[in-house]
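Source: prediction; values computed, not measured. In each ligand, atom 1 is the first atom listed, and ligand 1 is the first ligand listed. We count residues from 1, following the sequence as given.
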Amino acid sequence: MSRIEKQQFRRICGKFASGITVATVLDPEGACHGMTANSFTSVSLTPPLVLICVGHRARIREHFRIGAYFGINILSASQKVLSDRFASSDSNPFEGISWYPGKTGVPLLPDVLATIECSRVNVVTAGDHDIVIGEVIHAGCRDGEPLVFYGGQYRCLE
Ligand SMILES: Cc1cc2nc3c(=O)[nH]c(=O)nc-3n(C[C@H](O)[C@H](O)[C@H](O)COP(=O)(O)O)c2cc1C
């Protein structure tokens with residue numbers, strides 16, 4: 001049986017609407033790193049576990065593999081600019097924007113719909129991605145409209 005062609009696989013997976021997060025982590029020197037990720041998924045209620053998938057080619061990969069904690073910022077409809085910024089390969093995405101350290105020290109972004117701080121419990125290599133699993137240790141949310149990703153494009157809920 002032939003494997004599915006890459007573009008077709010992307011097109012099919014794009015039929016699944018998601019929110020958008022910025023996943024953050026500190027490196028051993030305490031510098032901030034972040035990456036736009038729509039692979040965020042809740043995994044378990046007891047204990048509360050979540051995951052993100054990190055591509056092997058992402059520069060941030062090693063930091064997620066060794067960092068004790070990571071953060072998830074769920075973006076609101078008005079934060080497309082943050083999604084673009086943290087998806088870009090340009091310099092330091094934290095430069096010139098406001099952020100604050102969470103209780104675990106991971107960088108969090110103001111005005112997002114939800115923040116989640118996790119302790120890393122496992123990293124599973126799957127194909128060309130790492131599945132980074134974390135236990136939620138601090139979290140909060142507020143009302144608002146989400147930024148949505150569907151069919152390779154940003155959307156807002158009607
Ligand atoms: C909407 C959106 C969702 C993304 N989701 C993921 C993701 O879940 N996992 C991932 O590894 N990269 C994801 N990316 C790509 C990364 O944000 C980033 O562009 C990539 O890691 C390249 O970073 P680098 O060149 O600094 O290493 C996403 C990009 C966009 C625009």
So for ligand 1, is [X] a polar contact partner (N or O within less than 3.5 Å, distance only)?
X     : value
Ile20 : no
Ala87 : yes
Gly55 : yes

Should one rank [options] by closest heavy-atom distance to [atom], which comes out on top?
atom                    : options                     : value
atom 12 (N) of ligand 1 : His33, Met35, Gln153, Arg57 : Met35
atom 22 (C) of ligand 1 : Ser89, Ser18, Ser88         : Ser89
atom 15 (C) of ligand 1 : Thr36, Asn38, Leu75, Thr21  : Thr36

Worksheet item: Can a protein heavy atom be found under 4.0 Å away from atom 18 (C) of ligand 1?
Response: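 So far as the 4.0 Å threshold goes, atom 18 (C) of ligand 1 is in reach of a protein heavy atom.
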Item to complete: For Ala58, counting its heavy atoms only, list the atoms of ligand 1 lying under 4.0 Å from any of them.
Response: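 By the 4.0 Å cutoff, the relevant atoms are 21 (O), 27 (O).
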Worksheet item: Just which atoms of ligand 1 are under 4.0 Å from any heavy atom in Phe86?
Response: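 Selected atoms, number and element: 17 (O).
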Discussion item. Taking the ring of Phe86 and the ring of Phe94, is the distance between their centroids below 6.0 Å?
Written reply: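 Yes, the ring centres sit under 6.0 Å apart.
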Item to complete: Return the minimal non-hydrogen interatomic distance between Thr115 and Leu109, and the atom names on each side.
Response: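 Closest pair (atom of Thr115, atom of Leu109, distance): CG2-O, 4.3 Å.
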Fill in: Structural part of Phe40 in contact with ligand 1, heavy atom criterion under 4.0 angstrom
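Within the 4.0 Å criterion, Phe40 makes no contact with ligand 1.
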